[in-house]
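Read through the structure below, which is laid out as structure tokens, and then see the notes.
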Amino acid sequence: MSATLPDFIVPVPPELSRRCWECAFDLGAEHSSRIGSGALWHAFQSIVTERDPELLTWAECSLLLRAHRHLRGTRA
């Protein structure tokens, strides 16, 4: 069985997928100095420029939300 199978069974809700895309935009556009990795910055830029915001997978959403929290911290 594929590890990405749940992405095909239950798609990411559009609201969540769009928020995750916004995380990539936020990190790639405004806070590249905090990332500390050119490869990671380019990955965020790739998501923003090449992916439909509503077609991200569960795995991508998970990584984007975790990266955003780690690099930007929690909201006040």
Side-chain angles (χ1 to χ4, degrees):
M1 254 188 187
S2 172
T4 60
L5 187 57
D7 287 333
F8 297 113
I9 296 172
V10 180
V12 178
E15 299 84 6
L16 177 60
S17 183
R18 181 165 289 282
R19 176 63 185 122
C20 294
W21 183 91
E22 290 169 357
C23 287
F25 181 85
D26 181 52
L27 290 170
E30 300 179 21
H31 304 283
S32 57
S33 62
R34 289 186 182 203
I35 295 172
S37 166
L40 190 54
W41 183 82
H42 285 289
F44 294 143
Q45 288 297 309
S46 175
I47 288 171
V48 170
T49 60
E50 299 174 10
R51 298 293 306 276
D52 185 315
E54 295 183 0
L55 295 179
L56 297 177
T57 67
W58 283 107
E60 291 168 328
C61 287
S62 174
L63 290 171
L64 288 169
L65 289 171
R66 288 177 188 179
H68 196 267
R69 176 166 284 210
H70 175 73
L71 295 168
R72 294 273 287 141
T74 57
R75 293 183 183 176

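What's counted below: heavy atoms across the whole structure, side chains too, no hydrogens, waters or symmetry copies.
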Asp26 side chain near Phe44 side chain, heavy-atom distance below 4.5 Å: no

Heavy-atom pair of closest approach, residues Ala24 and Val48: C-CG2, 3.7 Å

Pairs satisfying salt bridge (Lys or Arg N to Asp or Glu O under 4.0 Å), at least one member in residues 43-53, at least two apart: Arg51-Glu60

Rounded distance (nearest 0.5 Å) linking atom OG of Ser62 with atom CG of Leu16: 10.0 Å

Pro14: side-chain contact (heavy atoms from CB on, under 4.5 Å) partners, not counting sequence neighbours: Glu54

Atom pair NE2/CG of His70 and Leu27 - distance to nearest 0.5 Å: 10.5 Å

Side chain to side chain contact (heavy atoms under 4.5 Å, CB included) partner of Cys20, the single match among Ile47, Thr57, Leu63, Leu65: Leu65

Donor-acceptor pair, side chain of Ser17 and main chain of Pro53, under 3.5 angstrom: yes

Expected output: side-chain Trp58 to main-chain Val10 donor-acceptor under 3.5 Å: yes

Donor-acceptor contact present, side-chain Thr49 to main-chain Gln45, <3.5 Å: yes

